[in-house]
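Quick note: residue numbers are just sequence positions, from 1.
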Amino acid sequence: MAFRKFLIFLIPAFFSCAYFNTFYNAKTYFREAEKIYRVQGESSRELSSKYNKVIEKCAKIFEFYKNSSYVDDALYLTAISYKRIGDLTKSRIKFEELYRFFPNSPYCIKALPEYADLLVTLGEFDDLKFLLRKYPEAINKPEFLLVRVKMLFVEGDYRGIVSLVEEKWKDVSKFPGKKELLKLAIESASKIQDYDAAERFLRYSEALVISENERLLVLLSRVNILTAKKDYEKAIEVLEKAPFQQESEQFRVIQYEKARIYTQLNSFDKALELIQAVLEKPRRDSIYYKAYFLKGKIMESIDSLNVAVSIYQDLRNYPLPPGLKSEVDMRYNTLLEVSSVKEGDDYAMLRKAELYFMDLNNFEKAVEIYKAVLSSSKNQDVIARALYALTIIHRYYLNNEEAAEYFEERLVTEFPESYQSFKILERKNLNLKQ
């Protein structure tokens, strides 16, 4: 009888102790992982192992102790851990459970920057706006700077990013997302040709480097500044001097980046040679997919459309990132339409040129087709459309103002009553007023 009473007291104590130890271990693994993450600014195999242990321990709390006072804590730890290891879908589910079932938890405020950042990454801007309306005071906190920068980047407000980062940089110098913040700031400054600001942000980044991967990212930022300035030879020189071993993963990235620059220079043979070196490695990772995709685009440029279609068809069978997958699908479907265009049909040829111009961003090929249309067509509507397109491409995409003025003059002189001529004159009048 005494032994039975002893068991009655012992069993609750045992479960209470096991429950507390489970949560304590989860929190310990999480703190250790976050301490490393705040220094590195990115995940790693070691960190993923720790975050997976957090997820494992918290899962036991959800299964065996779902009525405990630590469930909101465990939801927070799990949501962040899934985010760190890149499982964004599961991370979002746990964040949603936290905000739905524990709206008064202090973790709702603590989780805001991470949850908002996740929604930006997923492109869920309506949900993000709804979230920020509930916590309007949060957006001006230093830890929200990365979210604000990402939102501005999606909106294309690159000048706003440069101003915001320069204004707030001292407030976030200890913020773990500062490396990603600087990467976006460098890219934004390059887009608006503020190369002094880009160099300034780059120097900040160089001072934060602690790993080979970070060294690579800073080097690629340097290369992006040079390519934005169209200093391609210097960019290739920087890549050639990169201090990475030939068998390293960083070296594969360097090979791909050199191929990308040679493609911009129309040096397709050199680019294909470098791409082949990347593709020969058996590993199927993001660099492999990007290199294979670049090969497809080169095939488009040299009119090997059947090869390009075959590459895109092959790529569609791989687990591509969402952005790359959508572009592969778009180019695959566009090339199928391009291949079906009948030669000799003026409007069909206009559509083919438009596909190269608007969808494939192959401006040189579009110009070639539009010029062929000018030479062969007798249809005035077709010729006016071709002249207008050639004006737009040369002025805004090829930065050839002399050629743009030539085609514009032909359009206004030969087809003064056309809709396209009206659009040209309307733009000129607007510029005069401004």
Task: Pair Arg215 + Glu206, salt bridge at N-O below 4.0 Å - done: no
- [ ] Report yes if the side chains of Ile254 and Leu219 come closer than 4.5 Å at any heavy-atom pair, otherwise no.
- [x] yes
Open item on the list: Taking the basic N atoms (NZ, or NE/NH1/NH2) and the acidic carboxylate oxygens, is any pair closer than 4.0 Å for Glu237 and Lys234?
Closed with: yes
- [ ] Report yes or no: does Gln313 contribute a side-chain atom to a donor-acceptor pair with the main-chain N or O of Val309 at less than 3.5 Å?
- [x] no
Task: Backbone of Asn306 reached by a side-chain donor or acceptor of Ser310 within 3.5 Å - done: no
Task: Exercise: do Asn361 and Tyr397 side chains pair donor with acceptor under 3.5 Å - done: no
- [ ] Flag the pair Asp196 and Arg200 as a salt bridge only when some basic side-chain nitrogen lies within less than 4.0 angstrom of an acidic carboxylate oxygen.
- [x] no
- [ ] For the residue pair Tyr370 and Glu354, confirm or rule out a side-chain donor-acceptor distance under 3.5 Å.
- [x] no
TODO: Inspect the surroundings of OH in Tyr318 and state if more than 12 heavy atoms from other residues, nucleotides or ligands are less than 6.0 Å away.
DONE: yes
Open item on the list: Between Asn224 and Ser190, is there a side-chain donor-acceptor contact under 3.5 Å, judged purely by atom types and distance?
Closed with: no
TODO: Specify the closest pair of heavy atoms between Leu315 and Tyr289, including all atoms of both residues, with the distance to one decimal.
DONE: CD2-O, 4.1 Å
TODO: Show your reasoning for whether salt bridge (charged side-chain N to carboxylate O under 4.0 Å, His left out) applies to Arg84 and Glu114.
DONE: CA-CA 10 Å; Arg84 297 287 188 260; Glu114 294 283 359; 2.7 Å; yes
- [ ] With the side chain counted from C-beta on, respond yes when Gln245 and Phe251 share a heavy-atom pair under 4.5 Å apart, and no when they do not.
- [x] no
Open item on the list: Could you check whether any side-chain heavy atom of Phe201 comes within less than 4.5 Å of a side-chain heavy atom of Tyr204, counting everything from C-beta outward?
Closed with: yes
Task: Side chain to side chain, Leu152 and Leu184, heavy atoms closer than 4.5 Å - done: no
- [ ] For residues Ile302 and Met299, determine if any side-chain heavy atom of one lies less than 4.5 Å from a side-chain heavy atom of the other.
- [x] yes
Open item on the list: Within a 6.0 Å radius of atom CZ on Arg351, are there more than 12 heavy atoms belonging to other residues, nucleotides or ligands?
Closed with: yes
Open item on the list: If I compare all heavy atoms of Ala235 with all of Thr227, which pair ends up nearest, and what's the gap?
Closed with: CB-CG2, 4.0 Å
Open item on the list: Are Glu414 and Gln380 packed together at the side-chain level, in the sense that at least one heavy-atom pair is separated by less than 4.5 angstrom?
Closed with: no
Open item on the list: Taking the cut-offs as 6.0 angstrom to the six-membered ring centre and 45 degrees off its axis, would you call Lys229 and Tyr195 a cation-pi pair?
Closed with: yes
Task: Ion pair Lys35/Glu32, N-O distance below 4.0 Å - done: no
TODO: Report the C-alpha separation of Tyr262 and Phe268 in whole Å, then their side-chain angles, then the decisive distance to 0.1 Å, and conclude whether the ring-ring contact (aromatic ring centres under 6.0 Å, His included) test is met.
DONE: CA-CA 7 Å; Tyr262 278 124; Phe268 298 127; over 10 Å; no
Task: Distance-only polar pair, side chains of Gln250 and Asn213, donor-acceptor under 3.5 Å - done: yes
TODO: Over all heavy atoms of both residues, which pair between Ala353 and Ala366 is shortest? Give the atoms and the distance, please.
DONE: O-CB, 3.6 Å
Task: N-O pairing of Asp117 and Lys83 below 4.0 Å - done: yes
TODO: Take the angle between the ring planes of Tyr115 and Phe95 and call it parallel below 30°, perpendicular above 60°, tilted in between.
DONE: parallel
Open item on the list: Around atom CZ of Phe130, are there more than 12 heavy atoms from other residues, nucleotides or ligands closer than 6.0 Å?
Closed with: no
TODO: Side-chain contact test, heavy atoms from C-beta onward, threshold under 4.5 Å: evaluate it for His394 versus Phe363 and give yes or no.
DONE: no
Task: Flag side-chain contact, heavy atom, 4.5 Å: Arg260 against Tyr256 - done: yes
Task: Set of residues satisfying side chain to side chain contact (heavy atoms under 4.5 Å, CB included) with respect to Phe422, sequence neighbours excluded - done: Glu426
Open item on the list: Could you check whether atom CD of Glu199 has more than 12 heavy atoms from other residues, nucleotides or ligands sitting under 6.0 Å from it?
Closed with: yes
Task: Salt bridge Arg331-Asp359, side-chain N to carboxylate O under 4.0 Å - done: no
Open item on the list: The test is ring-ring contact (aromatic ring centres under 6.0 Å, His included); show your working for Phe293 and Tyr312 and say whether it passes.
Closed with: CA-CA 7 Å; Phe293 177 63; Tyr312 297 145; 5.8 Å; yes
Task: Heavy-atom closest pair, residues Pro243 and Glu212 - done: O-OE1, 4.2 Å
Task: salt_bridge(Glu300, Lys297) N-O dist < 4.0 Å - done: no
TODO: Could you tell me if the ring centre of Phe102 sits under 6.0 Å from that of Tyr107?
DONE: no
Task: Heavy-atom pair with the smallest gap, counting every atom of Ala291 and Ile275 - done: O-CG2, 3.5 Å
TODO: State, to 0.1 Å, how close Arg92 and Leu119 come at their nearest heavy-atom pair, and which atoms those are.
DONE: NE-CD2, 4.0 Å
Open item on the list: We want to know whether Tyr51 and Glu34 form a side-chain donor-acceptor pair, criterion being a heavy-atom distance below 3.5 angstrom.
Closed with: yes
